[in-house]
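The structure appears right after this line, and notes come after that.
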Amino acid sequence: QELPETVLLKFLRPENTPVPARPTPEQLSNLIKTSLHYPESFNHSFHQKSLCLVPVTLLLSNCSQAVVDVMIDLRHKPTSSEALEIHGSFTWLGQTQYKLQLKGQEVYSLQLKACFVHTGVYNLGTPRVFAKLVDQVTLFETSQQNSMPALIIINNI
């Protein structure tokens, strides 16, 4: 009795077929680079006007080639009492949440206003920025790396 001939099957994948790589959490947390632009110190007469308004620009840079959904939340407050003692508390005026979409390598400038009621040193680095790739099916965005504290000095004149 003769055994049937066995044939080895070979599965080939063309070399130029790109395999979609899933971005790592590290890569996802570095999609958007943020920087705050504001005066180092600001002089204000609290005797004439009790509220001191300072224009602040939040610059968002898409570091990837992909289209990215971005969510900015200004409602975040430092939780530790130490942070409040050192820097004091301030308020962002106007809209507190923004949702936008940045194309690959796009830079977007968001105009904000910070409101102060006392002199002191404040940390403007409170905006939280979340991002996700547009084609990524996730229920939540990845928190973006926060930059260094952004200190401003408010003086009374």
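Because the structure is a prediction, the values reported are computed rather than measured.
Taking OG1 from Thr34 and CG from Leu110, the interatomic distance works out to 11.5 Å, rounded to the nearest 0.5 Å. A distance of 14.5 Å separates NZ of Lys113 from OG1 of Thr91, quoted to the nearest 0.5 Å. Taking OG1 of Thr126 as the start and CZ of Arg128 as the end, the distance is 10.0 Å to the nearest 0.5 Å. Atom-to-atom distance recorded for Asn43:CG and Asn155:CG is 5.0 Å, nearest 0.5 angstrom.
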Distance-only donor-acceptor pairs under 3.5 Å for side chains of residues 56-67, two or more places apart:
unit_1: Thr57; atom_1: OG1; unit_2: Gln111; atom_2: OE1; d: 3.0
unit_1: Asn62; atom_1: OD1; unit_2: Ser64; atom_2: N; d: 2.9
unit_1: Asn62; atom_1: OD1; unit_2: Ser64; atom_2: OG; d: 2.8
unit_1: Asn62; atom_1: ND2; unit_2: Ala66; atom_2: O; d: 2.9
unit_1: Asn62; atom_1: ND2; unit_2: Leu102; atom_2: O; d: 3.3
unit_1: Asn62; atom_1: ND2; unit_2: Lys103; atom_2: O; d: 2.9
unit_1: Ser64; atom_1: OG; unit_2: Ala66; atom_2: N; d: 3.2
unit_1: Ser64; atom_1: OG; unit_2: Ala66; atom_2: O; d: 3.3

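Remark: the backbone N or O of Val54 is not paired with any side-chain donor or acceptor of His44 at under 3.5 angstrom.
Contact detail for Ala150 and Asn123: the closest heavy-atom pair is N-OD1, 2.9 Å. What you find for Val68 and Ile32 is that their closest heavy atoms are CG1-CD1, 4.1 Å. Residues Pro39 and Pro55 share a closest heavy-atom pair of CD-O, 4.0 Å.
You'll find the side chain of Leu124 reaches within 4.5 Å of the side chain of Trp92, heavy atoms only. Within the 4.5 Å cutoff, the side chain of Tyr98 has heavy atoms near those of the Leu74 side chain. Between Leu100 and Ile72 the shortest side-chain heavy-atom distance falls below 4.5 Å.
Applying the side chain to side chain contact (heavy atoms under 4.5 Å, CB included) criterion to Ser45, with sequence neighbours excluded, gives His47, Gln48, Ile157. Every residue meeting the side chain to side chain contact (heavy atoms under 4.5 Å, CB included) condition with Gln97, not counting sequence neighbours, appears here in chain and number order: Met71, Asp73, Arg75. Contacts of Gln101 classified as side-chain hydrogen bond (donor to acceptor under 3.5 Å, both in side chains), with partners at least two apart in sequence or in another chain: Asp69. Remark: His37 engages Ser35 in a side-chain hydrogen bond (donor to acceptor under 3.5 Å, both in side chains) (not counting sequence neighbours). In terms of the ring-ring contact (aromatic ring centres under 6.0 Å, His included) criterion, residue partners of Phe116 (sequence neighbours excluded) are, by chain and number, Phe90, Tyr122.
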side-chain contact (heavy atoms from CB on, under 4.5 Å) assessment of Ile154 paired with Phe46: CA-CA 10 Å; Ile154 303 297; Phe46 285 96; 3.7 Å; yes
